[in-house]
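Everything on this sheet refers to the single structure shown next.
As the structure is a prediction and not an experimental result, all values here were calculated from the model. Counting convention: from 1, in listed order, for ligands and their atoms alike.
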Amino acid sequence: ACPTHPLSEPIMASGKVPSFFSGPRPVVISGPSGAGKSTLLKKLLKDYKGVFGFSVSHTTRDPRPGEVDGKDYHFTNRKAMQEDIDKGEFIETDEFSGNLYGTSKSAVQDVRAKGLICILDVDIAGVRHIKETNLDPIYISIQPPSIEVLEERLRGRATETEEKIQSRLEEARTDMEECNEPGLFDIVIVNSDLDEAYEKLQSVLKEVSLKSG
Ligand SMILES: Nc1ncnc2c1ncn2[C@@H]1O[C@H](COP(=O)(O)OP(=O)(O)OP(=O)(O)O)[C@@H](O)[C@H]1O
Ligand SMILES: Nc1nc2c(ncn2[C@@H]2O[C@H](COP(=O)(O)O)[C@@H](O)[C@H]2O)c(=O)[nH]1
């Protein structure tokens, strides 16, 4: 469910294209929690310094060990985030596994101001919300080879309680079903072998994204 995403309507209605909608096409990466999005993105951002930049989302969940505020996420609380949503500061938001997540306008603007291709990591509801805006990104879904492998990865990561693992697996089942919906994603990459998935991601980005700037 989307609590609010006030951005799309006014922008579409005004016909104006704000600055964060200009420049090379952004890239939206989505897929079930535990599929390997962050692993692939960390590698990509390291290997392509000065090309891609990460849109730092807001979340109300607690930081995991090693996560840095302002780098991995802007960690916040529900009251503060809702106030910012009400002020129209977000492109999209979603409730995921008991927490609020969202992409602020400034997160995308900050990356684009540096002349980088903006990469967003959002859930499948976020993908649908972004489709209602003028952002016009390339949509890539990262999928696990199976729900069993996904469960192993989530457990292996050891960042979630049992309750959160179950709620993430529930969200994952929907994601795995919906990712092949015609027109939703430009490409679905199955992250079975990490190196192969990374090769595929690079080749897709070279083909579509690096050309579009
Ligand atoms: N191809 C792979 N083979 C084996 N393990 C993998 C592979 N890809 C990722 N992993 C591992 O799976 C776990 C989940 O990966 P990661 O945190 O990147 O997922 P994610 O999609 O970013 O999840 P979330 O959406 O919850 O942030 C990590 O422990 C990671 O090291
Ligand atoms: N709609 C949005 N979804 C987001 C955003 N940032 C992250 N996410 C998604 O949330 C889940 C869980 O992430 P985790 O870091 O708690 O494991 C995952 O599917 C992300 O893709 C966002 O800004 N908007």
Side-chain angles (χ1 to χ4, degrees), residues 1-5 7-8 26-45 54-69 71-76 81 84-85 89-108 111 118-133 135 137 139-146 148-161 164-165 167-176 178-179 189-201:
C2 174
T4 42
H5 55 107
L7 176 85
S8 45
V27 178
V28 164
I29 304 280
S30 191
S33 169
K37 303 178 297 294
S38 316
T39 307
L40 289 163
L41 286 185
K42 285 206 168 101
K43 199 164 161 42
L44 188 81
L45 290 161
F54 186 59
S55 160
V56 181
S57 294
H58 282 61
T59 183
T60 61
R61 82 152 161 76
D62 292 334
R64 294 175 185 143
E67 281 185 330
V68 178
D69 189 30
K71 183 168 177 273
D72 297 288
Y73 278 108
H74 297 291
F75 293 100
T76 181
M81 188 159 165
D84 290 345
I85 293 169
E89 291 180 5
F90 281 81
I91 294 173
E92 63 80 35
T93 62
D94 190 44
E95 183 88 31
F96 180 92
S97 187
N99 282 295
L100 203 49
Y101 293 78
T103 308
S104 68
K105 294 178 190 174
S106 62
V108 174
V111 176
C118 184
I119 301 204
L120 297 85
D121 174 347
V122 304
D123 67 355
I124 200 158
V127 166
R128 293 187 192 281
H129 299 150
I130 290 171
K131 287 201 174 226
E132 292 170 31
T133 73
L135 194 64
Y139 295 95
I140 300 176
S141 174
I142 306 293
Q143 290 290 323
S146 67
E148 290 79 16
V149 169
L150 185 75
E151 182 166 354
E152 272 171 32
R153 287 185 190 167
L154 274 177
R155 291 192 185 284
R157 194 172 69 183
T159 52
E160 314 302 319
T161 61
K164 292 286 182 193
I165 288 176
S167 97
R168 281 167 187 254
L169 287 173
E170 204 45 51
E171 301 262 12
R173 285 186 188 94
T174 310
D175 192 307
M176 290 168 79
E178 293 183 3
C179 73
I189 297 175
V190 178
N191 176 22
S192 189
D193 176 84
L194 187 61
D195 292 338
E196 280 175 25
Y198 184 60
E199 280 303 314
K200 183 79 193 161
L201 179 63

(Q) Whether Arg155 and Glu151 form a salt bridge (side-chain N of Lys/Arg under 4.0 Å from carboxylate O of Asp/Glu) is what I want to check. (A) yes
**Q.** Part of Ala197 within contact of ligand 1 (heavy atoms, under 4.0 Å)
**A.** neither
Q) For atom 26 (O) of ligand 1, what's the nearest protein heavy atom and its distance? A) Ser33 OG, 2.6 Å
Q: Do me a favour and list the nearest non-hydrogen protein atom to atom 30 (C) of ligand 1 with residue, atom name and distance?
A: Thr39 OG1, 3.6 Å
Q: Any atoms of ligand 2 less than 4.0 Å from a non-hydrogen atom of Gly126? List them with their elements.
A: 1 (N)
Q. Side chain to side chain contact (heavy atoms under 4.5 Å, CB included) between Thr159 and Leu154: does it pass, once the steps are laid out?
A. CA-CA 8 Å; Thr159 52; Leu154 274 177; 5.8 Å; no
Q | Atoms of ligand 2, numbered as shown, that sit under 4.0 Å from any heavy atom of Asp94 | A | 1 (N)
Q. Between Glu170, Lys164, Glu160, which is the residue that forms a side chain to side chain contact (heavy atoms under 4.5 Å, CB included) with Ser97?
A. Lys164
Q) Taking heavy atoms and a distance under 4.0 Å, where does Glu92 meet ligand 2: side chain, backbone, both or neither? A) side chain
Q) Looking just at side-chain N and O atoms, do Glu92 and Thr103 make a donor-acceptor pair shorter than 3.5 Å? A) yes
**Q.** Top protein contact for atom 15 (O) of ligand 2, by heavy-atom distance
**A.** Tyr73 OH, 2.5 Å
Q. Tell me, which protein residue and heavy-atom name are nearest atom 22 (O) of ligand 1, and how many Å apart are they?
A. Ser38 OG, 2.5 Å
**Q.** Polar contact flag for Pro32 and ligand 2 (N/O pairs, less than 3.5 Å)
**A.** no
Q: Could you tell me whether Asp193 and ligand 1 have an N or O pair separated by under 3.5 Å?
A: no
**Q.** Residue part near ligand 2, for Glu67, under 4.0 Å between non-hydrogen atoms
**A.** neither
Q. Is the closest heavy atom of Arg64 to ligand 2 under 4.0 Å?
A. yes
Q. Among protein heavy atoms, which lies nearest atom 10 (N) of ligand 1, and at what distance?
A. Arg153 CD, 3.9 Å
Q) Below 3.5 angstrom, do we get any N/O pair linking Gly36 and ligand 1? A) yes
**Q.** Polar contact flag for Asp123 and ligand 2 (N/O pairs, less than 3.5 Å)
**A.** yes
**Q.** Protein contact of atom 23 (O) of ligand 2 - nearest heavy atom, named by residue and atom, plus distance
**A.** Ser57 OG, 2.6 Å
**Q.** Which residue and heavy atom of the protein sit nearest atom 5 (C) of ligand 2, plus the separation
**A.** Asp121 O, 3.3 Å
(Q) So, 4.0 Å and heavy atoms of Arg168: is ligand 1 close enough to count as a contact? (A) yes
**Q.** Numbered atoms of ligand 2 (with element) below 4.0 Å of Gly102, judged on heavy atoms
**A.** 22 (C), 23 (O), 24 (N)
Q: Report the part of Arg168 (side chain from C-beta onward, or backbone N, CA, C, O) that has a heavy atom under 4.0 Å from ligand 2; answer both or neither where that applies.
A: side chain
Q | Geometric N/O contact Thr93 with ligand 2, under 3.5 angstrom | A | no
(Q) Can you report which non-hydrogen protein atom sits closest to atom 25 (O) of ligand 1, along with the distance? (A) Lys37 NZ, 2.7 Å
Q: Looking only at protein heavy atoms, identify the closest one to atom 24 (P) of ligand 1 and say how far it is in Å.
A: Arg157 NH1, 3.4 Å
Q: May I ask you to identify, for Glu171, whether its side chain, its backbone, both or neither come under 4.0 Å of ligand 2 on a heavy-atom basis?
A: neither
Q. What residue and heavy atom of the protein are closest to atom 1 (N) of ligand 1, and at what distance?
A. Asn191 OD1, 2.8 Å
Q | Ligand-residue contact atoms, ligand 2 with Lys37, heavy atoms, under 4.0 Å | A | 19 (O), 21 (O)
Q) Touching ligand 2 at all, Ala125? Heavy atoms, strictly under 4.0 Å? A) no
Q.
For atom 23 (O) of ligand 1, tell me which residue out of Gly34, Ser30, Gly31 has the closest non-hydrogen atom.
A. Gly34
